There are 2 protein chains.
Amino acid sequence: MNDSAVGASPKEAAKQALPRLADVAAHAGVSAKTVSRVVNNEANVRPQVRAQVLRSVAALGYRPNAAARALVTQRTHQIGLIATASSLYGPTAGLFSLEQAAWKAGYGLTLTTVREASEAQLEEAIHYLMVRGVEGVIVSGVAGALHLEASALTDMPLVTTSPITTESAKYVLVDSDQVAGTRTAVRHLYDSGHRRIAHLAGPLSWDSAAQRRDGWLQEVEDLGLNPGPLLEGDWSPKSGYEAALTLDRAAATAIVVANDHMAMGAIRAFTEQGMRIPNDISVIGFDDVPEAAYQMVPLTTVRQNFSSVAERSVRELIHLIEGREAEDTSIHLPTELIVRASTAPYFGSLA
Amino acid sequence: MNDSAVGASPKEAAKQALPRLADVAAHAGVSAKTVSRVVNNEANVRPQVRAQVLRSVAALGYRPNAAARALVTQRTHQIGLIATASSLYGPTAGLFSLEQAAWKAGYGLTLTTVREASEAQLEEAIHYLMVRGVEGVIVSGVAGALHLEASALTDMPLVTTSPITTESAKYVLVDSDQVAGTRTAVRHLYDSGHRRIAHLAGPLSWDSAAQRRDGWLQEVEDLGLNPGPLLEGDWSPKSGYEAALTLDRAAATAIVVANDHMAMGAIRAFTEQGMRIPNDISVIGFDDVPEAAYQMVPLTTVRQNFSSVAERSVRELIHLIEGREAEDTSIHLPTELIVRASTAPYFGSLA
DNA sequence: TCTACTTGATCGCGCTGCCCG
DNA sequence: ACGGGCAGCGCGATCAAGTAG
């Protein structure tokens, strides 16, 4: 029983020596049920007994077994997180905020990833999490506009960052206000005198990329301008670089880029072509990654507050878990334009 | 029973309608045990019966309940991940690789974070994970050299990225070879003619920062040079910027920086002071973040292969879980010097 | 009759809910 | 007001029992 020899089976190794409720009960000289009461802070235990039990708990280092508890209470206090497997700044930035917010609310996080944002993979991931008894699911950074059969969810509370169509009543969307973000960016350029404003979008299969493009387009049109060229990248600096090389120089005096990393690539491309930033072209990014302020040309950008999105997501999910009606099923958190040195006023061509 | 009214308790909501083994058994007209056999791919079930059970499983959408299974088998096939709560590139870069590697090996990931790398917080995190029945723990990106009482672990298999002293036999360290990384960087500068080589370190309470500094120092001394100035930042671009402003310009013709983001801040600071990169000073970063290649001055850097570290970590952990002896308890994966435009040969002062 | 294969009844994992003293 | 007994959450393990060759 007590052999600590090598080659012990995982079974023995995993649970080896973990004290159980009954051990504490024996140690304290009370019943198992009383220990349970103390551990769960229930009433009707004399302070004296409670103290004794607590002493035994401490002495043995007892912690209640989560699986057993989950089995009987049907609650796990776990939240499932489905993320797309990529190391993009956006998707990862909120991750730890998510965990911390969940922790504060008394929930743990079970993580799973999908390689691509297909209905099939999403449903598979949700099932994986359901089996593990998660009480709600957050889908973060998954690309497209998907449809989810309510049957697949069995009323699982769900919060996502990009819109999903579903019959489920327990569903809330939480995201930065992407449209307003790029609108603000366009507006800033307009106010600085720019009239030919291009857009370098993310992969348009991503909802957030499409929305940023929509914001650009809407604002440009509301301002009565002809939209400048629309380019598309894949979020990577490399794709920003390559897309920028294709930009017709005469067609734009400014460009709104869908994320900072593509903006960096674009700036590099413009520079290689002999253009100066911001003199020859103004560039605005999106995200405000930490290094944006410390580029050779500090980057003007639209800051997303990822930790706010994360915290709000957890809050909304827990509301759904607790059965409260969501007041607003589509929540858009504000972004903030951070003006640095990659944008400048445009006074018109002298030619 | 079937009310789908709002305000259902979490208990009902979470488990609502999930079919159990007994449901499948009834549907298929066999005993629960037979369903269990089929689900677990055990032998000795007639193909005909197996097919029928499988049909019932599909029809009801049955999935075995993980908590119940864990309770009886004492196995969860879950790996616990302890990460430091920060959105630094390094710690997050390997996260999804970790999840994918675990998934491939048939394990899930339970995530928890610590705010700071203290013994107390680590032990708390490990206990949190133990209660959830994880079979092993990976500690990623936690800073210092900590000591862990074996008693706290109860022989929990453990893989970390920075060294921990512990009595536990089931412990393996997996990391990039930090020392070799900065040694290579210094060597490259030396071979290019540099003789006054400074170092901008990360926070030296972090083991990885200390090791990179050690690599720099060792190589400099092995080459018979006097070490250049040693500066310290906190990994952020801002701290790199500020530290670089304090560098005595005459004291160094090159600087090895402990990560790319500080290097970016440093380059910005040097540029503001009228120095050109690499003409007036060569700069080498560490990590090879995606945007490093697309800076205005593409950054020479030491690439870490985060996904290799993640995959190897999972592999080693699973070996430990399976009771195999670790062949090597300290594994250092190679880094690669990526030479770009922020370094140049130095031909000596003409003064 | 004996062996090989296939199936099922019962128990218990660790804990909490209900009910009783 | 306080404490304990008992059942059962959903599953897999053990062992016994059944069927065919």
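Please read all numbers here as calculations on a predicted model, not as lab measurements. Proteins get letters first, then strands, A, B, ... in listed order; numbering begins at 1 in each.
One can place CZ of R50(A) at 9 Å from P of dG3(D), the figure rounded to the nearest angstrom. Following rounding to the nearest Å, R20(A) (CZ) and dC13(C) (P) show an atom-to-atom distance of 7 Å. Distance D23(B) CG to dC11(D) C1': 13 Å, rounded to the nearest Å. In this structure, CD of E42(B) is placed 16 Å from P of dC5(C), rounded to the nearest angstrom. One can place CG of L71(B) at 13 Å from P of dC9(D), the figure rounded to the nearest angstrom. Rounding to whole angstrom units, CD of residue Q52(B) and P of dT6(C) are separated by 17 Å. Rounded to an integer number of Å, the gap from N65(A) CG to dC13(C) C1' is 9 Å. A straight line from CG of N44(B) to P of dG18(D) spans 18 Å, rounded to a whole angstrom.
Taking only side-chain nitrogens and oxygens, R46(A) comes nearer than 4.0 Å to OP1 or OP2 of dG3(D). Listed pair Q74(B) / dG14(C) meets the phosphate criterion, a side-chain N or O lying under 4.0 Å from OP1 or OP2. Contact annotation: N40(B) reaches the phosphate of dG12(D) (side-chain N/O to OP1 or OP2, under 4.0 Å). One finds a side-chain N or O of S36(A) lying less than 4.0 angstrom from the OP1 or OP2 phosphate oxygen of dT16(C). The phosphate of dG4(D) has OP1 or OP2 within less than 4.0 Å of a side-chain N or O from T34(A). A close approach under 4.0 Å does not occur between any side-chain nitrogen or oxygen of R69(A) and OP1 or OP2 of dC15(C). For the OP1/OP2 pair of dG12(D) and a distance below 4.0 Å, the side-chain nitrogens and oxygens of T73(B) include no atom meeting the criterion.
Looking at N40(B), its side chain never comes within 3.5 Å of a backbone N or O of E42(B) through a donor-acceptor pair.
In this structure, the side chains of I82(A) and V137(A) come closer than 4.5 Å at one or more pairs of heavy atoms. The closest side-chain heavy-atom distance from L98(A) to L81(A) is below 4.5 Å.
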**OP:** Assess whether side chain to side chain contact (heavy atoms under 4.5 Å, CB included) is satisfied between V30(A) and Q52(A), documenting all intermediate values.
**Re:** CA-CA 9 Å; V30(A) 297; Q52(A) 172 55 37; 5.8 Å; no
Original post:
Does the pair E311(A) and R315(A) meet the rule for a salt bridge (charged side-chain N to carboxylate O under 4.0 Å, His left out), with working shown?
Top reply: CA-CA 6 Å; E311(A) 282 160 22; R315(A) 206 165 85 213; over 6 Å; no
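No donor-acceptor contact under 3.5 Å links the side chain of R37(A) to the base of dG17(C). Side chain K33(A) to base dG17(C): a donor-acceptor pair is found below 3.5 Å.
The nearest heavy atom of DNA chain C to V35(A) and to A32(B) marks one nucleotide each, and the one closer to the 5' end goes with A32(B).
Ion pairing of E124(B) with R63(A) is present here, as a side-chain N (NZ or NE/NH1/NH2) and a carboxylate O approach within less than 4.0 Å.
Residue L21(A) places its side chain closer to dT16(C) than to any other of dG4(D), dG10(D), dT16(C). Comparing dG8(C), dG3(D), dT7(C) by their nearest atom to the side chain of V45(B) picks out dT7(C). Of the candidate nucleotides dC9(D), dG8(C), dG10(D), dC9(D) has the atom nearest to the side chain of V72(A).
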